[in-house]
Amino acid sequence: MQLFKEMEGSALNAATGTGNIPCPSSSNKKSKRVSDNVSAYTVQCAKCSKWRFIPTKEKYEEIREKIAELPFLCETAREWRPDITCEEETDLVRDGSWNWAIDKPCIPQPPPGWQRILRIRARGGTKFADLYYDAPSGKRLRSMQEVQSYMHEHSEPGVTLSQFSFQIPEPLEENYVRKRRTSSATLNDMSGAVVPVAATPISWIPPDQSRDFHFGGERNSTSDAEAPAES
DNA sequence: GCCACCGGTGGC
DNA sequence: GCCACCGGTGGC
């Protein structure tokens, strides 16, 4: 299970982070082309159900790709946090400043040289997010169709369509996305609890609250153990 | 002129 | 009803 938080506005490339905390950075960007507006990635331990921050987008993508056959455990995080155990408090404090979403598991890592870009849209729109792939050439592709025709025109040895997925996560917050008019539209449908199917929660954060990571936060809201879709 | 963002819709 | 796909456009 994974989560991320969103940061609006500035380009953030979690992938450039080498430490524990992905810092907003535009270091290796020459243009103002935007990257993800996601600034942190988190995965849930399959054993203790606590959340652990993942230091880079690449690592997150690697974990996500294999999570079905290779469940994430706290000890996996020792790669970047040598002391971490299941005894440590969860990395996440659900204090309302974070918005959550459910990421899909088993999404392939982008081919080498490619970037998978997720842009969370503003609340109240008709769609939750956009997903793009940036080709090594810099070309931005918006759909499988575009990937396909790009591959037709450019030789990308060893790259296949199966390495692409345009699946976007789901917002946990009901009504983040404006519901389309339906004939039976009642305003308060309480039934809409998001029940992810073996999926991966993600979170993003509203603007201007970008850097307050809660590693081992004190006010642990007990376990964020379960699929955070209560009520 | 470009592109990030958003909405609409055809096809399932 | 959903979502993959793509067109439009405002802001830069």
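- With hydrogens and angles left out, the side-chain atoms of A:R116 and A:Y133 include a donor and acceptor closer than 3.5 Å.
- Distance A:D134 CG to B:dC3 C1': 12 Å, rounded to the nearest Å.
- With no hydrogens or angles considered, a side-chain donor-acceptor pair links A:D36 and A:Y41 at under 3.5 Å.
- For A:W114 and A:Y150, the ring centers are positioned less than 6.0 Å apart.
- Residues passing the side-chain contact (heavy atoms from CB on, under 4.5 Å) test with A:Q145 are A:S143, A:Q148, sequence neighbours excluded.
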Reading 5' to 3' through nucleotides 4-11 of chain C, protein heavy-atom contacts under 4.0 Å coded B for base, S for sugar-phosphate only, - for none: -BBB----
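- Neither side chain, A:Q109 nor A:E61, offers a donor N or O lying under 3.5 Å from an acceptor on the other.
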